Amino acid sequence: MSTPPRRYDDEASLLARAHRFAGWSIAELAREIAHPLPKDPTRSKGAIGHLVERALGADRGSLPGPDFASGIELKTLPVDARGKPAESTFVTVLSDKDLELPWASSHARAKLLHVLFVPVESRTVRGFAERRFGRAFVWRPTEEDELVLADDWAHLTERVLVHGEVRASEGVALQIRPKGKNAEDTTRRADDDGAPTRQLKRAFYLRASFTESILARSGLAR
DNA sequence: CCATGATCATTG
DNA sequence: CAATGATCATGG
C-alpha cells in the first residue's frame with residue numbers, strides 16, 4: 001500500500017497560488033489546469049469549489065476535516081456586483097454529537113479556525129464560465145468573532161435539543177438550515193420521549209451578513 | 001449512509 | 001431583492 005502524497009500547504013503558499021488567478025474567469029482557470037466544466041452549472045452547484053480545490057492542490061477528496069494537511073479550510077465565496085456575499089457559506093452538517101459539545105470543542109470551530117476564502121462573481125453578475133475570481137484572503141476568527149459564534153452555537157444547539165427544531169432566522173453569524181438531497185433526506189434521531197424518529201438533514205451555515213463583515217475587514221487589512 | 005462541494009427557487 | 005427552505009452532484 002502506498003501513502004498518498006501529502007504536501008504541507010502553508011498559508012503563504014496557498015495565497016500565492018490563489019492570487020495567480022485573481023481576475024481570471026472560470027473558463028480561463030479551467031483551461032489552465034485542464035479541468036472539465038459542467039454542461040449544466042445549475043445541476044453542478046459544487047463545480048467552482050471543485051475547480052479551485054484542484055487548482056490549489058487540495059487532494060483530500062470528501063474525507064472529513066480541513067482541505068489541507070496544514071489545517072486550512074478552502075471556501076469559495078460568491079459575491080454580487082456590489083462585492084457582497086450572495087449566499088451563505090456551508091460549514092458542517094448538524095449531528096447529534098454536536099448537541100453535546102460546546103462551541104470550543106466543536107467540529108464546526110475546527111473547520112473555521114483557518115479559512116482561505118476565494119471570492120468569485122455570483123451568477124447575478126454574468127454567465128457561468130465568464131464569472132471571475134477575486135483576490136483570495138485568509139480569515140481567522142477574532143476574539144469577538146468567536147464570542148458571537150460561541151453564543152450562536154449555544155443558542156442553536158439548545159433550540160434543537162429542547163424543541164427539536166430551529167428557524168433559519170435564529171443566530172447572528174451562524175444559522176441552521178436544511179442540507180440534503182431533498183425533503184426525503186432524513187437522519188435518525190430520538191424525539192422528546194426518546195422514541196426513534198426521522199428528522200430532515202440540516203447543517204450549519206455562516207450568514208452572508210457575517211462573511212460580509214469578514215470580507216470588509218480583509219479589504220481594510222490590505 | 002457518510003462526507004465533500006455548494007447554489008437554486010420560492011416566498012415574504 | 002434578501003432570506004429561508006429545498007435541492008443538486010460526486011466520492012468513499
Side-chain angles (χ1 to χ4, degrees), chain A residues 1 4 18 26 29-30 35-69 71-98 106-108 110-112 115-129 131 133 136 152 156 159-160 164-189 196 198-213:
Chain A
M1 296 284 274
I26 303 288
L29 179 57
H35 184 81
L37 290 180
K39 290 178 182 174
D40 183 1
T42 299
R43 300 190 143 270
S44 307
K45 299 177 181 179
I48 302 177
H50 295 309
L51 169 64
V52 174
E53 280 183 347
R54 249 202 74 193
L56 294 183
D59 59 358
R60 307 202 65 250
S62 60
L63 296 174
D67 294 289
F68 298 97
I72 297 176
E73 174 72 15
L74 175 63
K75 295 284 183 198
T76 57
L77 183 64
V79 295
D80 63 21
R82 297 138 53 211
K84 299 195 171 188
E87 295 283 352
S88 56
T89 299
F90 167 72
V91 179
T92 184
V93 171
L94 168 66
S95 71
D96 283 356
K97 191 181 177 187
D98 288 322
S106 68
H107 182 38
K111 294 181 74 167
L112 293 179
V115 181
L116 175 66
F117 280 107
V118 179
V120 61
E121 290 174 329
S122 79
R123 64 173 178 153
T124 62
V125 181
R126 65 187 92 244
F128 180 75
R131 290 166 57 183
F133 291 103
D152 280 347
L156 295 172
R159 289 287 300 176
V160 173
E165 305 211 345
V166 59
R167 300 252 140 208
S169 56
E170 299 192 57
V172 174
L174 277 178
Q175 65 181 168
I176 291 179
R177 299 217 312 279
K179 163 72 174 177
K181 180 162 182 56
N182 52 44
E184 279 67 54
D185 194 349
T186 58
T187 184
R188 252 180 292 280
R189 167 173 178 71
R198 310 230 31 125
Q199 156 79 245
L200 183 65
K201 195 179 287 184
R202 297 167 295 180
F204 291 95
Y205 297 82
L206 293 180
R207 288 186 176 283
S209 58
F210 186 67
T211 50
E212 180 185 335
S213 80

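Worth saying up front: this structure is predicted, and the values here are computed from it rather than measured. Below, chain A is the first sequence line, B the second, and so on; all start at residue 1. What's counted below: heavy atoms across the whole structure, side chains too, no hydrogens, waters or symmetry copies.
- What separates CD of Glu170(A) from C1' of dT4(C) is a distance of 13 Å, to the nearest Å.
- In this structure, Asp185(A) reaches neither bases nor backbone, as no heavy-atom distance under 4.0 Å exists between it and the strands shown.
- At a threshold of 4.0 angstrom between heavy atoms, the contacts of Arg123(A) include nucleobase atoms, whether or not backbone atoms are also involved.
- Between the P atom of dA6(B) and the CD atom of Glu87(A) lies a distance of 12 Å, rounded to the nearest Å.
- Comparing dT4(B), dC8(B), dG5(C) by their closest approach to the side chain of Arg167(A) singles out dG5(C).
- In this structure, Arg126(A) places its CZ atom where more than 12 heavy-atom neighbours from other residues, nucleotides or ligands lie under 6.0 Å away.
- Checking the phosphate oxygens (OP1, OP2) of dA3(C), no side-chain nitrogen or oxygen of Ser88(A) falls inside 4.0 Å.
- Two residues, Ser169(A) and Gly180(A), neighbour DNA chain C, and the one matched to the more 5' nucleotide by heavy-atom proximity is Ser169(A).
- Checking the phosphate oxygens (OP1, OP2) of dT10(C), no side-chain nitrogen or oxygen of Arg54(A) falls inside 4.0 Å.
- Mapped onto DNA chain B by nearest heavy atom, His107(A) and Arg177(A) fall at different nucleotides, with His107(A) at the one closer to the 5' end.
- Among the heavy atoms of the strands, none lies under 4.0 Å from Thr89(A).
- Here dT4(B) presents its P atom at 11 Å from NZ of Lys201(A), a figure rounded to the nearest Å.
- Taking atom CZ on Arg131(A) and atom C1' on dT7(B), their separation rounds to 9 Å, with Å as the unit.
- Checking dA6(C), dA6(B), dG5(B) against the side-chain heavy atoms of Leu200(A) singles out dA6(C) as nearest.
- Rounded to an integer number of Å, the gap from Glu184(A) CD to dC1(B) C1' is 16 Å.
- Side-chain contact check for Pro66(A) versus Lys111(A): every heavy-atom pair is 4.5 Å or farther apart.
- Protein atom CD of Glu121(A) is 16 Å distant from nucleotide atom C1' of dT7(B), rounded to whole Å.
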Evaluate Phe68(A) against Leu56(A) for side-chain contact (heavy atoms from CB on, under 4.5 Å), listing each step before the verdict.
CA-CA 10 Å; Phe68(A) 298 97; Leu56(A) 294 183; 4.0 Å; yes
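- By the 4.0 Å N-to-carboxylate-O rule, Glu170(A) lies close enough to Arg159(A) to be salt-bridged with it.
- Each of Lys111(A) and Pro78(A) has a nearest nucleotide on DNA chain B; the 5'-most of these lies closest to Lys111(A).
- Judged by atom type and distance alone, Lys179(A) does not reach the base of dT7(C) through any side-chain donor-acceptor pair under 3.5 Å.
- Here Arg207(A) does not reach the OP1 or OP2 of dA3(C): none of its side-chain N or O atoms lies under 4.0 Å away.
- For the pair Val172(A) and Ser209(A), the tightest heavy-atom approach, listed with the atom from each and the gap, is O-OG, 4.2 Å.
- Nearer the 5' end of DNA chain C, as judged by each residue's closest nucleotide, is the contact made by Gln175(A), out of Lys181(A) and Gln175(A).
- Using a 4.0 Å heavy-atom criterion, one finds that Tyr205(A) contacts the bases of the nucleic acid, with or without backbone contacts as well.
- Between Leu51(A) atom CG and dT10(C) atom P there is a gap of 15 Å when expressed in whole angstrom units.
- Among the protein residues, Lys75(A) comes within range of the sugar-phosphate backbone only, with heavy atoms under 4.0 Å from sugar or phosphate atoms but none that close to a base.
- At whole-Å resolution of the value, CG in Leu94(A) and C1' in dG5(C) are 15 Å apart.
- Within the structure, every side-chain polar atom (N or O) of Arg202(A) is placed at least 4.0 Å from both OP1 and OP2 of dG5(C).
- Counting non-hydrogen atoms under 4.0 angstrom, Gly46(A) reaches a base of the nucleic acid.
- Going from atom OG1 of Thr76(A) over to atom CZ of Arg131(A) covers 8.5 Å, rounded to the nearest 0.5 Å.
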